[in-house]
Amino acid sequence: MASKARLEDDDVHDALLPESSSSPWTAASERFGAMLGAVAQRRIGLNGGIDPSEAYNGETQDALDQKLRSLDSKAHRNRLRGWYSYAFASEVFAVCSLTLFLPICLEQFARDNGYLLPDKFERCVRGPDPDSLAITEVPGEEARCVVKIGWLWIDSASFSLYVYSFSVLLQALVVISFGGVADRPSHRKLLLLAFAFLGSTSTICFLFLPSSSPVWQLCVVLAILAIVSFGASIVAMNAYLPSLARSAQDVRDKAIIVERLREAGPIPEADGNPAPDSDAYGSFGFSSDLHQQSRGEAQETGANDPHLEHALQAYNTALSHATSKISSRGIALGYSAGILLLFVALIPVTVMEGSTFSLRLAVSLSGMWWAVFSIPTAMWLPAGRAVNSGGLRWERHATYASGTVDLRDVREGSDDDDLMEHDPTILSQIGEAWIRLGQMLSPREMRKLRNTFWYLAAWFLLSDAFTTITSTAVLFAKTTLLLPPKALIVVGLLTPMAGIVGSLLWPRLQRMLRFSNQGILLTLILLASFVPLYGCLGFLPIFKGKPIGGLVTAHELYVLAVYFGSLYGAFQAYARAVFAELIPVGEEARWYGLFSITDKSSSFLGPLIVGLIADATGNIRYAFFFLLFMMLAACLPLLVVNVPQGRKDAEAYSQAD
């Protein structure tokens, strides 16, 4: 029996030896297929019959594996549909309400209930019912309008800014508090849907709150609830991204090969079977980090096996591409939904000439859309154990502390009590989240995950730079190019429409160029830097008095809007995709919460400096120099980020916890 066992092991060992004529990936695939064949032969008796102990309901193990693979693939498609549906549902609030109709609506609420300076006796809006569908007479723009909130008089133009600022502050507190709750897969879906319900309901309620109501100030509460709920739900949604990428079928297949090769152990190099050449996977600088990552992982496992190393490289490449692909499609779907509803909402706003009721209707339409298309999310998005069902074995088991159980372990009959820990209360998790935040921001933790924090530093600058370019371009078009409001609406539509195309195009370019996610992100930043650079060219004497050159005409602005939009959509997708590669498994929501806070906390810096430059010089074009500097400065910490080392640090961090 011992000699027979050794003989069978030799069969498996020999099956793993690749042919010298095969490519590295083909060799690994053939080794895996041959190994499965040898194992299958071991399960079949010498007389050709099936060993009863290996049979299940008359099916061979291969048939069961195929059925399991089919079920996993179907489950993955349903998860993607659920995730995409929430991107389709929630992004309309950001595109239509958050950036356009909600600030205008809040300002109109304040104006309808405000008084003119200096005497504060004359109403800002004349008429028996300022919220009526009829157009009311409004005093000239030179008269300042203030509204009384409590015991304070606030300028109506600043009213929405104060509401937004307080919402961002409260959103940061909520995201931190519920980050640990969302990291528990048993709570993540429930938390996402709860915030979706709260946010959409608050937005819909604008339709039932006229500005002439004695409780019109409830618009502040509704706006804060909607903004906070939107941000918190997006953090919970982003937390699904790494696990969705790991459960993609191509990633799962490559993960199985890696695990089988690890179980088989290292294979000595034989004559005619040299180690696979790394150039077979592409040696371009932006993708070589995957090769370095694979080599490091193979050395850590103690298996000096070049085939295992390249199987790991193939796994990391597939995982990276799956992450960027899913993220990009989510951005494209969100932009599509936002543009579609924007066209619908513009109809009543245009017909009613921007009355308060039309603005309330536009805001509430985004809430209705948000609520309706969240229903497929409730049906398809995974919860509990089904959240984490792909990737390498350590990645699946790293989330046990978060309440995740591997489906295969359950099928094999593992006791849930051994795999699941008792769920603590929500209040205890909130308290733990703040303690955990203090630990995350300690110098010791920063050293452990230095690449992750370097990326957050780059994101602090990049998010502010991209946002400020958008707002500065609109102000420049209005004050310098003197574009009418209709032209500004056209610019506002062109940018997200181009963003849809860019979000779908750049993943294809990535596969052609064999760039890593970090390489694509750097490329997008450098290309986007051309926008402020082109604005700076307007100071050159050669463009003075010319019909084109240096952003001096509306037509140039339209072209730049399309160009920048095609980069901005992809930038958002790849920014969160790169971050997904640098965060510990099992703490996705907590780290994406920090990602969101970093974004929001930097949003004041760019507009503040641009405002100071415009006030000091009287020419907002000088702000393009600052924006160009800001874009290029953000590249420095991004270049410091070592994504392969960051993956290993995150893996060690997860396993240590």
Side-chain angles (χ1 to χ4, degrees), residues 172 175-177 179-184 235 238-239 241-243 245-246 289-290 292-302 312 315-316 319-320 323 388 391-404 421 429 431-462 516-518 521 575-599 601-602 634 636-657:
V175 165
I176 294 172
S177 299
V181 180
D183 275 329
R184 307 187 72 84
V235 169
N238 287 339
L241 181 59
S243 62
R246 288 194 296 268
D289 58 351
L290 299 172
Q292 298 171 6
Q293 160 73 356
S294 303
R295 182 179 299 276
E297 290 182 353
Q299 291 174 350
E300 286 186 357
T301 59
L312 282 166
Y315 169 77
N316 286 324
L319 181 60
S320 180
T323 304
N388 192 49
L392 300 176
R393 184 178 292 114
W394 77 265
E395 292 172 327
R396 298 195 301 271
H397 288 273
T399 52
Y400 282 169
S402 298
T404 300
E421 63 176 19
Q429 292 181 69
E432 182 182 342
W434 284 95
I435 297 175
R436 188 72 186 89
L437 176 66
Q439 296 172 345
M440 289 167 60
L441 299 180
S442 66
R444 179 183 177 184
E445 298 294 290
M446 288 184 176
R447 285 193 296 269
K448 290 181 181 179
L449 296 172
R450 57 172 58 89
N451 288 286
T452 306
F453 281 98
W454 271 117
Y455 184 79
L456 286 174
W459 174 242
F460 180 88
L461 297 174
L462 285 173
S516 66
N517 288 344
Q518 184 185 18
L521 186 60
R576 68 180 178 186
V578 172
F579 192 64
E581 300 184 63
L582 299 172
I583 58 179
V585 177
E587 294 189 357
E588 292 87 354
R590 186 176 284 115
W591 284 94
Y592 268 113
L594 191 58
F595 184 76
S596 175
I597 294 170
T598 304
D599 178 17
S601 62
S602 67
L636 297 179
L638 188 59
L639 288 171
V640 174
V641 176
N642 186 334
V643 175
Q645 184 61 44
R647 289 198 202 98
K648 291 195 295 182
D649 293 342
E651 174 184 346
Y653 191 88
S654 299
Q655 294 176 339
D657 289 347

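Position 1 is the first residue of the sequence; numbering continues from there.
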So which atom in [X] and which in [Y] form the shortest heavy-atom distance, rounded to 0.1 Å?
X	Y	answer
Met440	Phe453	O-CZ, 3.1 Å
Gly646	Leu582	CA-CD2, 3.8 Å
Val585	Ser654	N-OG, 2.9 Å
Tyr653	Glu587	CE2-OE1, 3.9 Å
Ala433	Ser177	CB-O, 3.6 Å
Glu588	Asp183	N-OD1, 2.9 Å

If the condition is side-chain contact (heavy atoms from CB on, under 4.5 Å), which residues does Ala634 pass it with, not counting sequence neighbours?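 Per chain and number, Ala634 pairs via side-chain contact (heavy atoms from CB on, under 4.5 Å) with Leu461, Leu462.
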
Could I get the full list of side-chain contact (heavy atoms from CB on, under 4.5 Å) partners for Ser596, not counting sequence neighbours?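 Listed in chain order: Gln171, Val235, Lys600.
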
Is the Tyr455 ring parallel, tilted or perpendicular to the Phe579 ring (thresholds 30°, 60°)?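 Tyr455 vs Phe579 ring planes: parallel.
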
Exactly one of Asn517, Thr323, Asn238 should register a side chain to side chain donor-acceptor pair (under 3.5 Å) with Arg576. Which one does?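 Running side chain to side chain donor-acceptor pair (under 3.5 Å) over Asn517, Thr323, Asn238 with Arg576 returns exactly one hit, Asn238.
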
I'd like to check Trp454 versus Met446 (side-chain heavy atoms, cut-off strictly below 4.5 Å). Are they in contact?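 Side chain of Trp454 against side chain of Met446, heavy atoms only: no contact under 4.5 Å found.
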
Between atom [atom1] of [X] and atom [atom2] of [Y], what is the distance when rounded to the nearest 0.5 Å?
X	Y	atom1	atom2	value
Gln439	Glu432	CD	CD	8.5 Å
Thr452	Gln645	OG1	CD	10.5 Å
Ile583	Leu241	CD1	CG	8.0 Å
Leu456	Leu594	CG	CG	5.0 Å

The criterion is side-chain hydrogen bond (donor to acceptor under 3.5 Å, both in side chains); which residues satisfy it with Asp599, sequence neighbours excluded?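 Asp599 satisfies side-chain hydrogen bond (donor to acceptor under 3.5 Å, both in side chains) with Ser463 once adjacent residues are dropped.
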
For Thr598, side-chain hydrogen bond (donor to acceptor under 3.5 Å, both in side chains) partners two or more places apart: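 Thr598: no side-chain hydrogen bond (donor to acceptor under 3.5 Å, both in side chains) contacts found.
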
So, Gln518 side chain and Asn642 main chain: donor-acceptor pair closer than 3.5 Å or not?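 No; zero donor-acceptor contacts below 3.5 Å.
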
Taking Asp649 for the side chain and Leu449 for the main chain, is one N or O donor matched with an acceptor at less than 3.5 Å?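 Judged by distance alone, no pair lies under 3.5 Å.
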
Any salt bridge linking Arg590 with Glu445? Criterion: basic side-chain nitrogen under 4.0 Å from a carboxylate oxygen.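 No.
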
Applying ring-ring contact (aromatic ring centres under 6.0 Å, His included), can you list everything that pairs with Trp459, at least two apart in sequence or on another chain?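 Testing Trp459 for ring-ring contact (aromatic ring centres under 6.0 Å, His included), a comparison that skips the adjacent residues, returns Phe571, Phe595.
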
